[in-house]
Amino acid sequence: LRDFPPGRVKEIVKVKPGTWFNAKAVEDAVTNLNAEAGNLGYAFADISPAYDRDAEHRLMNITFKVNDTPRQYVERVDITGNTNTRDKVIRREFRLNEGDAFNSLKVKRSQDRIQSLGFFQDKLEIKQSEGSAPDRVVLGVNVEEKPTGQLSLSGGYSSLERFVVQLAVSQNNFMGKGQALDASVNWSVYSKSVELGLV
């Protein structure tokens, strides 16, 4: 890859000559190389290790092959599974738009931002698939919504105010717009109050 010179590859690969062969370290090196290539815009980088075993001298030579591949651009963003939350609430958390150069760091950032909304189940993942051309990638996220509302009712008794009742309702994803709505009512013989909040 033009943007990925051998010197940079060697910096990322932590496997050093003279150390014990470790298959996990080689696997981690390929993962790190793929991540770096993704940051440079190559969603489907072709990176693989080739082994040359010297049984007589008990040595293993490893060649990391970074094959040429076109840089990818985001063709579209697909969102599924959101029955209540509106698409735009999720899309505004994406750090990539259709037509942008692919960047795996921005994909991870988008994933974290969507997860931090608190509207969806854990382990949310943005998946990449091939687009309509070799230089196109489709980003897809399948969300699973979780309850975002709360209702509480409490009561008490005091010698001064007699019975005290409080009702509170909160919804963190009001009408699927990503807005937080809070409402509460306090009632007693001597005081009555209503509080409303929309963020």
Side-chain angles (χ1 to χ4, degrees), residues 1-82 87 90-146:
L1 300 178
R2 184 182 60 190
D3 309 327
F4 211 10
R8 179 61 182 142
V9 173
K10 286 184 177 180
E11 285 178 21
I12 297 168
V13 173
K14 302 298 183 187
V15 180
K16 302 295 181 187
T19 57
W20 290 102
F21 172 75
N22 185 328
K24 177 68 167 61
V26 175
E27 186 179 310
D28 290 344
V30 172
T31 299
N32 294 336
L33 289 171
N34 273 304
E36 180 65 17
N39 292 339
L40 296 171
Y42 302 97
F44 305 108
D46 184 7
I47 300 172
S48 60
Y51 301 101
D52 176 21
R53 182 176 302 178
D54 183 351
E56 183 180 346
H57 298 96
R58 297 173 66 185
L59 295 173
M60 179 76 81
N61 296 314
I62 308 167
T63 304
F64 289 91
K65 295 183 177 181
V66 182
N67 297 311
D68 192 23
T69 186
R71 175 175 275 143
Q72 274 84 25
Y73 295 87
V74 178
E75 181 174 348
R76 68 176 189 274
V77 176
D78 292 338
I79 300 170
T80 55
N82 53 320
D87 267 22
I90 301 171
R91 287 184 186 276
R92 70 187 180 200
E93 301 303 326
F94 268 87
R95 303 297 92 185
L96 288 166
N97 294 314
E98 281 91 347
D100 288 352
F102 177 83
N103 185 307
S104 59
L105 200 62
K106 289 184 177 180
V107 171
K108 179 67 171 66
R109 180 77 178 125
S110 302
Q111 186 172 299
D112 292 342
R113 287 178 64 95
I114 295 169
Q115 190 75 71
S116 67
L117 288 173
F119 305 157
F120 312 110
Q121 299 289 359
D122 295 338
K123 298 183 180 176
L124 180 145
E125 183 181 359
I126 297 175
K127 296 188 176 178
Q128 305 146 31
S129 58
E130 294 182 4
S132 58
D135 64 343
R136 296 287 182 267
V137 61
V138 175
L139 300 179
V141 56
N142 182 20
V143 298
E144 184 182 343
E145 293 183 315
K146 65 181 181 181

Q: Can you spot which of Leu33, Ile62, Val13 makes a side chain to side chain contact (heavy atoms under 4.5 Å, CB included) with Pro49?
A: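 Result: among Leu33, Ile62, Val13, Ile62 is the only option passing the side chain to side chain contact (heavy atoms under 4.5 Å, CB included) with Pro49.
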Q: Compare all side-chain heavy atoms of Tyr73 with those of Arg136 and state whether any distance is below 4.5 angstrom.
A: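 They are in contact (side-chain heavy atoms under 4.5 Å apart), so the answer is yes.
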Q: Closest approach of Pro134 and Pro70, non-hydrogen atoms and distance?
A: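 Closest approach of Pro134 to Pro70, heavy atoms only: O-CG, 3.9 Å.
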Q: So, the side chain of Gln72 versus the backbone of Val137: is there a donor-acceptor pair under 3.5 Å, distance only?
A: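 No: the side chain of Gln72 does not pair with the backbone of Val137.
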Q: For Thr80, give me all partners under side chain to side chain donor-acceptor pair (under 3.5 Å), at least two apart in sequence or on another chain.
A: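 Expected list: Asn142.
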Q: From Arg71 CZ over to Phe102 CZ, what is the distance, rounded to the nearest 0.5 angstrom?
A: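 These two atoms lie 12.0 Å from each other.
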Q: Would you say the side chain of Val143 lies within less than 4.5 Å of the side chain of Phe119, judging by non-hydrogen atoms?
A: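 A side-chain contact is absent here, since even the closest heavy-atom pair is not under 4.5 Å.
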Q: Look at atom CZ of Arg92 and say whether more than 12 heavy atoms of other residues, nucleotides or ligands are closer to it than 6.0 Å.
A: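 Yes.
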Q: Would you please name every residue forming a salt bridge (charged side-chain N to carboxylate O under 4.0 Å, His left out) with Lys146, sequence neighbours left out?
A: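 With neighbours one apart ignored, the set is empty.
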Q: Might you point out which heavy atoms bring Thr69 and Phe44 nearest each other, and give the distance in Å?
A: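 Looking at all heavy atoms of both residues, the shortest contact is OG1-O, 3.8 Å.
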Q: Take Leu1 and Asp68 through the test side chain to side chain contact (heavy atoms under 4.5 Å, CB included) and record every step on the way to the result.
A: CA-CA 5 Å; Leu1 300 178; Asp68 192 23; 4.0 Å; yes
Q: Run the side chain to side chain donor-acceptor pair (under 3.5 Å) test against Gln111 and tell me which residues pass, sequence neighbours left out.
A: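 Expected list: none.
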Q: Verify the neighbour count for atom CD of Glu130: are there more than 12 heavy atoms of other residues, nucleotides or ligands below 6.0 Å?
A: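 Atom CD in Glu130 is not packed in, count stays at 12 or less.
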Q: With the side chain counted from C-beta on, respond yes when Phe21 and Val26 share a heavy-atom pair under 4.5 Å apart, and no when they do not.
A: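 Yes. Closest side-chain heavy atoms under 4.5 Å.
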Q: Holding to side chain to side chain donor-acceptor pair (under 3.5 Å), I want the full list of residues that pass it with Asn82, two or more places apart in sequence or in another chain.
A: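 For Asn82 the side chain to side chain donor-acceptor pair (under 3.5 Å) partners, ignoring immediate neighbours, are Asp87.
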Q: Under the side chain to side chain donor-acceptor pair (under 3.5 Å) test, which residues partner Ser110, sequence neighbours left out?
A: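 Result, side chain to side chain donor-acceptor pair (under 3.5 Å) vs Ser110: none returned.
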Q: Find the distance between CZ (Phe4) and CG (Asn39) and round it off to the nearest 0.5 Å.
A: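 Answer for the CZ-CG pair, Phe4 versus Asn39, is 9.0 Å.
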Q: In plain terms, say whether Glu98 and Arg91 are close enough for a salt bridge, that is, a side-chain N and a carboxylate O under 4.0 Å apart.
A: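 A salt bridge links Glu98 with Arg91.
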Q: Are any of the side-chain heavy atoms of Val74 and Leu139 separated by less than 4.5 Å?
A: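 The answer is yes, as the side chains (C-beta and beyond) meet within the 4.5 Å cut-off.
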Q: So, taking the atom named CD1 in Ile126 and the one named OG in Ser104, what distance separates them when rounded to the nearest 0.5 Å?
A: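 Here the interatomic distance stands at 11.5 Å.
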Q: Rounded to the nearest 0.5 Å, what separates atom CZ in Arg2 from atom CG in Leu40?
A: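 Taking CZ in Arg2 and CG in Leu40, the distance rounds to 10.5 Å.
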Q: Hey, what do you get for CD1 (Ile12) to CZ (Phe64), rounding to the nearest 0.5 Å?
A: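 Taking CD1 in Ile12 and CZ in Phe64, the distance rounds to 11.0 Å.
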Q: If we only count heavy atoms from C-beta on, is the Asp52 to Thr63 side-chain gap below 4.5 Å?
A: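 Contact flag for Asp52/Thr63 side chains = no.
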Q: Does Arg113 come within less than 4.0 Å of Glu93, counting only side-chain N to carboxylate O?
A: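 Yes, this pair counts.
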Q: Give, for atom CD of Glu125 and atom CD1 of Ile114, the distance between the pair rounded to the nearest 0.5 Å.
A: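 If I round to the nearest 0.5 Å, the distance is 12.0 Å.
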Q: What pairs with Asp100 under salt bridge (charged side-chain N to carboxylate O under 4.0 Å, His left out), at least two apart in sequence or on another chain?
A: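 Asp100: no salt bridge (charged side-chain N to carboxylate O under 4.0 Å, His left out) contacts found.
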Q: Of all the heavy-atom pairs spanning Asp122 and Gln115, show the shortest one and how long it is.
A: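 Nearest pair, atom of Asp122 first, then Gln115: CA-NE2, 3.6 Å.
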Q: So that I can tick it off, tell me whether Glu11 and Arg8 are bridged by a salt bridge, with the cut-off set at under 4.0 angstrom between side-chain N and carboxylate O.
A: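 Salt bridge: yes.
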